[in-house]
Amino acid sequence: AQDALVVFTPSGKRGRFALGTPILTAARQLGVDLDSVCGGRGICSKCQVAPSFGAFPKLGVEVREDALSPWNQVEERYRAKRGLAPGRRLGCQARVMGDVVIDVPPESQVHKQVVRKRAEAREIVLDPATRLYYVEVPEPDMHNPKGDMERLRDALAEQWGLAHAQGDLRTLQGLQAALRAGEWKVTVAVHQGAQTGGARIMQVWPGYHEGPILGVAFDVGSTTIAGHMVDLASGQVLASSGLMNPQIRFGEDLMSRVSYAMMNPGGAAEMTRAVREALNALIGQLCAEARADRGAVLEGVIVGNPVMHHLLLGIDPRELGWAPFALATSDSMELWAAEIDLEMHPDARLYILPCIAGHVGADAAAVVLSEAPHQSDDLVLIVDVGTNAEIILGDRRRLLACSSPTGPAFEGAQISAGQRAAPGAIERVRIDPQTKEPRFRVIGSDLWSDAPDFDGRSVTGICGSGIIEAVAEMRMAGIIDEDGAIGSAEATGSARCVPDGRTHAYVLHDASAEGGPRILVTQADVRAIQLAKAALTAGAQLLMDKMGVEKVDRVVLAGAFGAHISPLHALVLGMTPDCPVEKITSAGNAAGTGARIALLNAAARREIETVVRRIEKVETAVEPRFQEHFVNAIAIPNKAAPYPELAK
Ligand code: FES
């Protein structure tokens, strides 16, 4: 026979090829996802495949031992120098000599999937805007007067199909040396942006450069800024870090920062400077953790709520402080990192996700990208809990979004013993419904408070998830009634219910005898949680009204804080609409994940830009029903909405 059958797994793609065809060529012709950075020169080993031999009745193939060509010099050289795992061949060197079954291992796929654990979340597929290409550039010669850059550009077009690649002056300054040091073989990092149009050469290395090439993803929150550093070539997270947003000194929450800008000339510029400095510090932390140089960070993606978005970009945020809350732009943006003073590679590009509305920002867009409600058959409610909750309801047919001013109670602010989530803070609470005695756990310790070794003096306060569980447990134990009123010692039968001014408080912890703290849940604390959760639920119910539904199929709690809320306690409080408790899940920092998806997959950027245009915005401030829902939702769980799931 002059040709042979090649079957690729796991794709199952198959075709007949002339004997002597390299596996990489066969893969390309069949559209099998097989990677190559060096263009088939036996240098990068990205094309590794695992041939199988023997009989495969299901595939209808019998593979003989000599179905592939023997090792050639290039492959031997690679194996001697860099090693190749047993059973692996270089797809660009091994040639078809008979019917064969070829497995493409995950790491050899161009669009490999980056690991993500949650089943209901979308997959992250690697397809970054910045990539490495290995090219062989013809040497200059007297008969061909083209410059080095032109020959590099032609080589990229010819060998990789990259038309019109452009490099700026800085690239040009290093180009001659790199080409000659690499003996006319170089690796180039090329960024392909949608808005710059065409390909930009960002960096040229002599010879084959394996990477890593670095990218950063930031979620700029009003309280904390989180960052991930990833290898754009492998999708691997190399470092994750976070720091407090230094703008806190200008105001705890968003609106107080907008008012700082309103009251103080130059205030917005001051806050802009502070957040940019913080991002630079965070890049430094990430580089230190990944042992990388900040000059090697080629790309960044940033998400944040509208106020953070405007302040970081140096756009006046005051319009966001009054109706009609107009954004300067809701479009996604591409810019140079240097334009906003970020210290990365001198030509590094940034991508900013689109905003949804005046109160629903690029962080919410990132949550949509991560949780993919637009691909969901179920009706899903996504709640990103923060001082300003961002709420999204929908499925593949229709999407609605709003924001609701929950205030900082869920973060432990406005709570008598409240504190940020830090070691020493009570984060889990259980109250025995019979004895009304509490037990709890603090951050940084595995011990429950009733363990003999537990040190009651180590408790420092109560954080957001702790106060939510405390109030929900108090309700389940009958210490508070449906209206949230804390009963007296006589009414509840618990000596822990003590008078506190004209109301009562519940003593959650008392180590005062040993010189430790006394932690109370006061009536005002319960009220603060009731108001915060009422705002959250009212927003969700407003969207359900608009959608014309009375229930949702599932609820996703997003945000760093959402990750710590127990679904049962959220349901008991009525923080979410009624829903089977197992259908309430936490997505962790979904905005940060969305930023990472946009960093690793250029097509995801186009996707979220399209989806955001489809999202219908609902402004809670002008909806009369919002107030009605809010008042009903102050009760625990709710005056108007039934909670049949809770009864189960
Ligand atoms: Fe680079 Fe095969 S494609 S080694």
Side-chain angles (χ1 to χ4, degrees), residues 6-11 13 15 17-52 67-97 100-112 126-128 130-138 152 155-162 165 178-179 182-190 199 201 203-213 231-236:
V6 183
V7 181
F8 286 96
T9 56
S11 66
K13 291 187 174 155
F17 292 90
L19 299 186
T21 308
I23 297 299
L24 180 61
T25 310
R28 292 229 163 117
Q29 286 183 14
L30 291 175
V32 170
D33 189 8
L34 179 58
D35 201 1
S36 158
V37 168
C38 74
R41 296 184 183 86
I43 300 171
C44 69
S45 85
K46 301 279 189 226
C47 62
Q48 280 186 42
V49 291
S52 308
L68 287 183
S69 60
W71 293 67
N72 66 15
Q73 265 184 355
V74 177
E75 214 174 0
E76 285 292 2
R77 199 180 338 118
Y78 184 88
R79 179 161 63 170
K81 242 169 99 181
R82 317 263 310 263
L84 213 51
R88 291 289 175 88
R89 297 288 303 266
L90 293 183
C92 62
Q93 302 302 317
R95 289 161 190 276
V96 181
M97 302 307 284
V100 67
V101 174
I102 300 282
D103 186 54
V104 180
E107 65 274 18
S108 297
Q109 296 170 8
V110 186
H111 305 295
K112 46 185 142 292
L126 193 63
D127 188 13
T130 305
R131 296 191 58 154
L132 291 176
Y133 298 91
Y134 177 84
V135 260
E136 292 186 2
V137 181
L152 171 60
L156 277 170
E158 207 174 285
Q159 293 163 37
W160 291 103
L162 276 178
L179 283 171
E183 294 174 350
W184 308 99
K185 300 177 186 70
V186 288
T187 307
V188 289
V190 176
I201 302 171
Q203 180 89 38
V204 184
W205 293 269
Y208 176 63
H209 176 80
E210 191 153 16
I213 50 169
D231 178 355
L232 296 173
S234 69
Q236 223 193 330

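Atoms within a ligand are numbered from 1 in the order they appear, just like the ligands themselves.
At least one donor-acceptor pair closer than 3.5 Å links the side chain of Arg41 to the backbone N or O of Cys38.
Interface atoms of ligand 1 facing Ser36, defined by a heavy-atom separation under 4.0 Å, are 3 (S). The distance from ligand 1 to the heavy atoms of Cys44 drops below 4.0 Å at these ligand atoms: 1 (Fe), 3 (S), 4 (S). Close approach to Gly40 involves these atoms of ligand 1, each under 4.0 Å from a residue heavy atom: 3 (S). For ligand 1, the atoms lying closer than 4.0 Å to a non-hydrogen atom of Gly42 are 4 (S).
Checked options Val186, Val190, Val37; the residue passing with Tyr133 is Val190 (criterion: side-chain contact (heavy atoms from CB on, under 4.5 Å)).
Side-chain contact annotation: Asp103 with Thr9, donor-acceptor N/O pair under 3.5 Å present. Side-chain polar atoms of Gln109 and Asp33 form no donor-acceptor pair below 3.5 angstrom.
Using 4.0 Å as the threshold, Ile43 has a heavy atom nearer than that to some atom of ligand 1. Assignment of Gly91 to the shell around ligand 1 is not supported, since no heavy atom sits closer than 4.0 Å.
Because the distance cut-off is set at 2.8 Å, Cys38 qualifies as a neighbour of atom 1 (Fe) of ligand 1 through one of its N, O or S atoms. For atom 2 (Fe) of ligand 1, the N/O/S atoms of Cys92 include one lying under 2.8 Å. Residue side and main chain included, Cys47 places no N/O/S atom under 2.8 Å of atom 1 (Fe) of ligand 1.
Contact annotation: the side chain of Arg88 never approaches that of Ser45 to less than 4.5 Å [non-hydrogen atoms, C-beta and beyond]. Residues Arg89 and Leu68 are in side-chain contact: their nearest non-hydrogen atoms beyond the backbone lie under 4.5 Å apart.
Among all non-hydrogen protein atoms, the one lying nearest atom 4 (S) of ligand 1 is Ser45 N, 3.1 Å.
The shortest non-hydrogen separation linking Pro206 to Gly182 is CB-N, 3.6 Å.
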